[in-house]
Amino acid sequence: MNVSRRQFLGRSAAAAALAPFALAGTSDPCEAAAHAEFDLSMGFPDGAIRLNYNENVLGPSPKAIEGALAAVPGSSRYALSHTLAPHVADYLGLDVDWVLMGTGSTELLRIAPITRAHSGGNVVAARETWGGMLAVAENIGLSVRRVDMRDNGGFSYNVDRMLAAVDSATQIFLIVTPNNPTGTTLTYEQIKSIADALPKDVLFVLDQAYVDYQADAPTGIDLLKEGYKNVLVTQTFSKAHALAGLRCGYGAAHPDILKAIAGLGCGPASVNMAAYGAVLGALSDLEHAGRSREYVQECRKYLKRECDRLGLNSVAGPSPFVLIELGDRSDAIHQALLERKIFVTHGSTWQVPDYLRVSYGLESENEAFIAALRSLV
Ligand SMILES: Cc1ncc(COP(=O)(O)O)c(C=O)c1O
């Protein structure tokens with residue numbers, strides 16, 4: 001395993017926490033890790049270019065790594081996630097009972113429909129959107145009403161048609177902003193007008209996994225501060241804070257909504273010890289999300305320019321990925337990229353089979369992707 005020197009910055013906190021290893025007569029695990037031979041390839045071939053999971057290639061903040069290293073030696077204990085919530089609540093400017101931690105925001109998104117499934121009903125969502133919550137909703141018998149986003153070579157929320165799909169059986173209204181895979185965003189005025197238009201017994205879920213990539217974006221958190229009680233906002237440390245592999249996200253909502261979710265999951269052990277320390281570190285270095293945002297803006301400009309040069313329509317928002325329109329060549333190009341060990345996601349995942357979604361990688365990876373695409377179109 002290659003571990004950079006940078007990852008061992010700020011070792012003092014970690015070293016203090018490692019004292020028990022010295023007592024047990026074993027070596028310093030951080031030192032040992034630098035030379036360890038674990039296979040962390042996760043099935044990807046050598047030289048793979050991984051542009052398929054919207055991961056943050058800048059890596060975590062050194063502060064987050066320091067926090068994780070400080071926490072890991074204490075992993076024989078559970079990381080009590082309700083004691084992490086006050087830190088996140090402080091960051092959001094909310095009371096602590098308005099925040100619930102989860103194993104990524106996925107945990108909250110997957111549980112939310114279960115709290116609403118007692119008498120059946122439906123969920124209203126866009127067609128071309130992230131399906132984590134929608135798959136659970138369908139599996140437990142809720143029907144999902146998907147409203148098309150296609151709009152003249154781009155994608156936008158058709159809010160009026162989505163609202164028209166709401167009826168007395170609607171349990172949840174889902175908006176992902178910025179959206180995955182289209183990057184579409186809604187303004188604060190738009191999300192507020194949706195909250196106003198929805199019946200009070202419909203849960204308005206605002207999935208904001210990518211919100212930190214949107215500079216100065218007013219978020220669903222502001223809706224909560226304005227007193228909306230039927231809104232669940234989910235956010236995460238996976239994306240702009242680059243902690244995807246440590247799995248920590250949260251939901252913010254009126255305590256009654258969070259109590260219903262906590263009755264089914266998101267328990268005191270939903271956050272792991274490394275994530276607990278890393279989140280504390282990330283919260284002490286919020287500029288890191290700003291650095292991620294700037295990097296993503298550069299990548300977006302580069303990919304857009306290169307797609308224009310190739311005569312390809314590309315669609316991107318503030319989030320760390322672009323949709324590239326390839327029409328009926330998308331299958332063949334997806335396959336040819338795989339043969340070159342370049343991993344991107346086929347649009348059929350979100351019912352846009354004529355597109356490929358490409359996450360932004362390192363500069364050299366973006367260039368390798370473009371070179372491959374140039375040779376294929
Ligand atoms: C729109 C959206 N929401 C939620 C998630 C889940 O994020 P996590 O569980 O890592 O917080 C993702 C992951 O890619 C996503 O794209």
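Order of listing sets the numbers, starting from 1, for every ligand and every atom in it. Heavy atoms only: backbone and side chains are in, while hydrogens, waters and symmetry mates are out.
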* To do: Check each atom of ligand 1 against the heavy atoms of Ser238 and keep those under 4.0 Å away; list them by number with element.
  =>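 Atoms satisfying the 4.0 Å criterion: 8 (P), 10 (O), 11 (O).
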* Asked: Which atoms from ligand 1 have a heavy atom of Val176 less than 4.0 Å away?
  ->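 Close to Val176: 1 (C).
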* Do any nitrogen or oxygen atoms of Asn180 come within less than 3.5 Å of a nitrogen or oxygen of ligand 1? ->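 N/O-N/O distance below 3.5 Å exists for this pair.
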Do you know the tightest heavy-atom contact between [X] and [Y]?
{"X": "Ser375", "Y": "Arg340", "value": "OG-NH2, 3.8 Å"}
{"X": "His241", "Y": "Asn56", "value": "N-ND2, 4.4 Å"}
{"X": "Val344", "Y": "His334", "value": "O-NE2, 3.1 Å"}
{"X": "Pro178", "Y": "Ser319", "value": "CB-OG, 4.1 Å"}
{"X": "Ala252", "Y": "Leu94", "value": "CB-CD1, 3.8 Å"}

Under-4.0 Å heavy-atom contact with ligand 1, by part of [X] that carries it:
{"X": "Tyr210", "result": "side chain"}
{"X": "Asp207", "result": "side chain"}
{"X": "Arg247", "result": "side chain"}
{"X": "Ala209", "result": "side chain"}

* Centroid separation Phe237 to Tyr250 less than 6.0 Å -> yes
* Asked: Taking the six-membered ring where the residue is Trp, are the ring centres of Tyr360 and Tyr213 under 6.0 Å apart?
  ->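 When the ring centroids of Tyr360 and Tyr213 are compared, they turn out to be at least 6.0 Å apart.
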* For Lys239, is the nearest heavy atom under 4.0 Å from an atom of ligand 1? -> yes
* Asked: Looking only at heavy atoms of Gly104, does any of them come nearer than 4.0 Å to an atom of ligand 1?
  -> yes
* **Side chains of Ile324 and Glu306 in contact at under 4.5 Å (non-hydrogen atoms)** =>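 Answer no - side chains too far apart.
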* Starting from atom 9 (O) of ligand 1, find the nearest protein heavy-atom neighbour and note its residue, name and distance. =>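 Nearest neighbour among protein heavy atoms for atom 9 (O) of ligand 1, to 0.1 Å: Thr106 OG1, 2.5 Å.
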* Structure fact -> If you scan protein heavy atoms around atom 7 (O) of ligand 1, the nearest is Ser105 OG, 3.5 Å
